Amino acid sequence: MNTAKKDKRFSFEFFPPKTATGVEKLRDVRIKLAEKNPAFFSVTYGAGGSTRDGTKNTVTEIKQAGLSVAPHLSYGGDDTEALLELIAYYKSIGIDRIVALRGDIPSGTGSTRLIHANQLVEFIREHTGEHFHLEVAAYPEIHPQSKSYASDLHFFKQKINAGANSAITQYFYNPDAYFYYLDSARDHGINVPIYPGIMPITNYVNLARFSDACGAEIPRWIRKKLETYKDDMDSISAFGTELVTGMCETLLAGGAPGLHFYTMNQAEPTLALWENLGLD
Ligand code: FAD
């Protein structure tokens with residue numbers, strides 16, 4: 001790893017697999033990615049508790065492999081007892097980092113309860129003191145439900161005031177949005193590290209659908225370019241890898257404290273970026 005990058009933090013995100021085959025596949029992916037010595041892996045959580053067991057099992061397996069892992073957690077469909085039990089379980093197996101979120105209630109769960117992330121941060125601090133390093137979400141392109149840029153920053157600050165230690169961003173493909181957001185956060189007195197979330201580009205249709213839902217913008221020129229490849233997945237990957245590598249270079253050179261990769265449970269797209277960035 002070159003010296004400019006050696007003080008940066010790198011982490012890899014997974015989602016809990018739903019099938020036995022998925023569990024095995026993820027094990028292989030994790031083994032490959034663990035060779036890169038990330039600061040931690042993280043495992044998403046279906047708000048409303050839809051992946052409670054899947055997240056717990058995946059986190060436990062990664063921890064038992066001797067690796068650092070952070071469960072994502074949201075309050076939504078869980079009652080206080082269930083949430084406390086889960087947090088106590090994580091603590092008992094040596095987990096010391098949680099990604100605390102409001103989450104989005106998955107359709108079909110029947111639950112509509114959403115508890116804002118600042119309240120979850122407060123809750124974890126109240127019950128476990130400073131045991132956990134708490135990560136929260138941040139949105140350089142602004143959360144889709146936010147009333148305004150200022151209101152989003154205001155609520156981001158509430159999460160930090162409640163005791164969050166650092167933040168990971170929603171993915172984006174416009175580094176200027178991130179740098180502007182960093183400056184704005186500093187102007188609001190937010191001084192925690194804000195790690196860019198990096199989504200490799202491998203499948204345009206899925207990416208476009210997901211981006212529309214979560215409010216991440218794919219700049220028009222990138223959409224147009226990706227559309228020209230149609231079903232040619234190799235060309236989409238090649239273009240995506242080159243584009244995202246360039247963006248990561250810009251982010252790291254411009255002061256990003258590290259990168260958090262949304263691996264989508266695949267090793268190759270993240271490893272291609274890792275290699276291009278010369279992070280070994
Ligand atoms: P909040 O911080 O609560 O913000 C949600 C919205 O409400 C924002 O518009 C905010 O401005 C506003 N707001 C915040 N606090 C208040 C308040 N006190 N009063 C009024 N308004 C407020 N989703 C999952 O379901 N599972 C996951 O594992 C998961 N992992 C993620 C990891 C990262 C790094 C990121 C960036 C997102 C992740 N998400 C996940 C998606 C996330 O849950 C959604 O974006 C969700 O809509 C918002 O979650 P939040 O924690 O940012 O919510």
Side-chain angles (χ1 to χ4, degrees), residues 9-17 39-52 54-56 58-59 69-78 86 90 97-109 111-124 133-172 177-178 181 184-185 188 190 192-199 210-217 256-265:
R9 186 188 92 176
F10 299 96
S11 49
F12 299 134
E13 181 172 310
F14 295 145
F15 56 84
F40 63 94
F41 290 90
S42 82
V43 183
T44 63
Y45 187 76
S50 60
T51 70
R52 190 182 297 109
T55 301
K56 196 172 158 184
T58 308
V59 165
V69 54
H72 294 207
L73 190 64
S74 48
Y75 204 152
D78 289 316
L86 191 54
Y90 285 140
R97 184 188 302 268
I98 287 177
V99 182
L101 302 146
R102 181 198 74 173
D104 294 312
I105 301 287
S107 55
T109 60
S111 173
T112 50
R113 199 162 76 114
L114 286 172
I115 305 286
H116 283 296
N118 66 304
Q119 290 168 264
L120 178 59
V121 170
E122 259 169 39
F123 181 85
I124 298 172
H133 179 108
L134 296 179
E135 308 274 345
V136 289
Y139 302 85
E141 294 177 332
I142 299 310
H143 186 267
Q145 291 158 353
S146 281
K147 290 200 181 74
S148 66
Y149 201 98
S151 118
D152 205 43
L153 278 169
H154 167 79
F155 289 123
F156 179 31
K157 178 126 194 270
Q158 282 203 356
K159 299 196 265 196
I160 307 307
N161 290 349
N165 304 99
S166 45
I168 300 171
T169 76
Q170 183 58 277
Y171 69 87
F172 55 86
Y178 171 77
Y181 187 76
S184 307
H188 274 70
I190 297 167
V192 300
I194 302 173
Y195 296 89
I198 304 299
M199 179 71 87
F210 195 44
S211 301
D212 287 344
C214 71
E217 189 189 45
L259 303 170
H260 177 80
F261 292 94
Y262 295 110
T263 70
M264 303 308 284
N265 289 10

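Start at 1 and go down the list; that is how both ligands and their atoms are numbered. Since the structure is predicted, the reported quantities are computational estimates derived from the model, not experimental observations. Start at 1 with the first residue, then count along the sequence.
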Is the distance from the ring center of Tyr262 to that of His260 below 6.0 Å?
yes
Taking atom types as modelled, find out whether Thr55 and His72 have a side-chain donor-acceptor pair closer than 3.5 angstrom.
no
Between Ala138 and ligand 1, is there a nitrogen or oxygen pair with a distance under 3.5 Å?
no
Between His116 and ligand 1, is there a nitrogen or oxygen pair with a distance under 3.5 Å?
yes
Given [options], which one has a non-hydrogen atom that is nearest to [atom]?
atom	options	answer
atom 29 (C) of ligand 1	Leu73, Leu101, Thr44, Thr55	Leu101
atom 23 (N) of ligand 1	Ala167, Ser148, Gly103	Gly103
atom 6 (C) of ligand 1	His72, His143, His260	His143
atom 21 (N) of ligand 1	Phe155, Phe15, Tyr75	Phe155
atom 51 (O) of ligand 1	His154, Glu135, Gln119, Arg102	Arg102

What atoms in ligand 1 come closer than 4.0 Å to a heavy atom of [X]?
X	answer
Asp104	25 (O), 43 (O), 44 (C), 46 (C), 47 (O)
Ala137	35 (C), 36 (C), 52 (O)
Gln170	36 (C)

Is the contact between [X] and ligand 1 made by the side chain, the backbone, both, or neither, using heavy atoms and a 4.0 Å cut-off?
X	value
Val136	neither
Tyr262	side chain
Gln158	side chain

For ligand 1, is Tyr139 a contact, meaning one of its heavy atoms is under 4.0 Å away?
yes
